[in-house]
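Working notes for the structure below.
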Number of protein chains: 2
Amino acid sequence: MADNYHHGNLRQALIDTGIRIINEKGEDNLSLRGVAAECGVSRSAPYSHFKDKEELLEAIKGSVNDKFTDELKNACAGTKSADEALIAMGRAYIDFFRRNPDYYTFLFGRQNIVAHLAMDKIHEEDYPPFLLLREMYKKHLKENNLKKSYKEQELDLLKTWAVVHGMASIACMTGVETGIDWDDPDNGVVT
Amino acid sequence: MADNYHHGNLRQALIDTGIRIINEKGEDNLSLRGVAAECGVSRSAPYSHFKDKEELLEAIKGSVNDKFTDELKNACAGTKSADEALIAMGRAYIDFFRRNPDYYTFLFGRQNIVAHLAMDKIHEEDYPPFLLLREMYKKHLKENNLKKSYKEQELDLLKTWAVVHGMASIACMTGVETGIDWDDPDNGVVT
DNA sequence: CAGCCATCTTGACACTGTCAAGTTCGCCAC
DNA sequence: GTGGCGAACTTGACAGTGTCAAGATGGCTG
């Protein structure tokens, strides 16, 4: 049967059902054998597409990261100024992980990002969400006619990222409703 | 032999070697059987002290959390004002996870804290490090003769925790050296 | 048509968490 | 002391896991 052999797009199927399983049952309950089974394929078929279980997880991570980055971009899309965009991004960042708490550990747990990007300092890295933040931040400086030293900019970016990222983490841990008027504080931090 | 039976303090021994293994080989490579073996005890001996592997992990987590809280307290100890104490705590918080990056995921990963403390909102929780932060924050308000609404206080605390926690997370992910003059920014955020 | 080779399968192994049943031994009532 | 209770520990067993080696399949290229 041509059904069993040459599945067609097993690689993508594995990634997709992998994401679904993580959503339904959490990262802990994702097994290579399980993913393979749900794709209607034998236990070691995945080894034709991924060296490791780890490599499949990395691929899934990449996919989730794309979705995350898209949501951040969409949040920016409807805004008229860089200031608005920064606020919208902050909201979207936190919302994303409030809606999918499991993704926080999944994306940021372990040494994933380090392994992926091998960056030395934050401002040298190419983590897409951070690139987006920097871009908007520079726009914000231009629009408001602000001049800052490189050091000051670096610190602003780090602080902004930290506060938003921290809020997301806290929101995931506690399930807290961030009853916060982002229009004020985020701006306060950035400027 | 009295050596095999009634180990004496197996419970604590399991926790201690558990911590050691996590330090040496990471959480992923910690197996119940492994811990038991290193304690010179059979594979299911741990089940006399812990219901689960999860219950052992929780115990280890508690132990690590104690160490973390101690370091924060020690950081406060040498300070003369609440403002100084807050800064010292922020530094200690970030330093702790820069020294032990694995602990970040271990402590804050999954739903650990939620499961542990079952808190609804941040200001109602009893997570020791946060209690310490709030205590120092209130001292800071008193020492500086500041009056703030409950809402404002809540927001200050959340923002402060978020920025410090976020910095810690970022530091763990990136291994970045936080070349930051904490004497300025932290104060700026808190006040 | 021949055969290459990516793709997939089956068999096997070591390792894991967990349970049931049995063993050991300190301790307490008699 | 002696009996035995019960906590602490052991051994045997089972299902599930990641991974590899060897073989089967079948679309593509010559």
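FYI, side chains are in, hydrogens and waters are out, and symmetry mates aren't considered; it's all heavy atoms of this structure. Here the structure is a predicted model, which is why all the values come from computation and not from measurement. A note on names: the letters A, B, ... follow the listed sequences, proteins ahead of strands, and every chain is numbered from 1.
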Could you write out each protein N or O paired with an N or O of nucleotides 12-16 of chain C at a distance under 3.5 Å?
unit_1, atom_1, unit_2, atom_2, d
dA12(C), N6, Arg43(A), NE, 3.4
dT16(C), OP1, Ser31(B), OG, 3.1

Phosphate OP1/OP2 of [N]: any [X] side-chain N/O under 4.0 Å:
X: Tyr47(B); N: dT18(C); value: yes
X: His49(A); N: dC8(C); value: yes
X: Ser42(B); N: dT10(D); value: yes

To the nearest Å, give me how far apart [atom1] ([X]) and [atom2] ([N]) are.
X: Asn9(B); N: dG26(C); atom1: CG; atom2: P; answer: 17 Å
X: Phe50(B); N: dG17(C); atom1: CZ; atom2: C1'; answer: 15 Å
X: Gln12(A); N: dT7(C); atom1: CD; atom2: P; answer: 15 Å
X: Asp52(B); N: dC19(C); atom1: CG; atom2: C1'; answer: 12 Å
X: Lys51(B); N: dG17(C); atom1: NZ; atom2: P; answer: 15 Å
X: Asn29(A); N: dG18(D); atom1: CG; atom2: P; answer: 11 Å
X: Asp28(A); N: dG18(D); atom1: CG; atom2: P; answer: 12 Å

**Study point:** Minimum-distance nucleotide (side-chain atoms of Ala45(B) versus dC20(D), dC9(D), dC19(C))
**Key:**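 Side chain of Ala45(B) sits closest to dC9(D).
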**Study point:** Proximal nucleotide (of dG11(C), dT11(D), dC8(C)) relative to the Val41(A) side chain
**Key:**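 Given the options dG11(C), dT11(D), dC8(C), the side chain of Val41(A) is closest to dC8(C).
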**Study point:** Lys/Arg N to Asp/Glu carboxylate O, Asp70(A) vs Lys73(A), below 4.0 Å
**Key:** no
Check your understanding: Under 6.0 Å from the NZ atom of Lys139(A), do we count more than 12 heavy atoms belonging to anything else shown?
Key ->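 Check fails, neighbour count at 12 or below.
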Point to revise | Derivation of the salt bridge (Lys or Arg N to Asp or Glu O under 4.0 Å) call for Arg91(A) and Glu71(A) | key: CA-CA 11 Å; Arg91(A) 275 219 188 89; Glu71(A) 292 203 10; over 6 Å; no
Practice item. Check the pair Phe68(B) / Tyr93(B) against ring pair (Phe, Tyr, Trp, His ring centres under 6.0 Å), numbers first and verdict last. Key: CA-CA 8 Å; Phe68(B) 178 41; Tyr93(B) 196 109; 5.1 Å; yes
Check your understanding: Do Asn23(B) and Tyr103(B) have side-chain N/O donor and acceptor atoms under 3.5 Å apart?
Key ->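 Yes, side-chain donor-acceptor contact under 3.5 Å.
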Review point. Just checking, any donor-acceptor pair under 3.5 angstrom between side chains of Asp52(B) and Tyr47(B)?
Key: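 Not at all, the side chains of Asp52(B) and Tyr47(B) share no donor-acceptor pair under 3.5 Å.
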Check your understanding: Name the one of Phe130(A), Phe97(A), Tyr104(A) that satisfies ring pair (Phe, Tyr, Trp, His ring centres under 6.0 Å) with His165(A)?
Key ->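 One option only clears the test, and that one is Tyr104(A).
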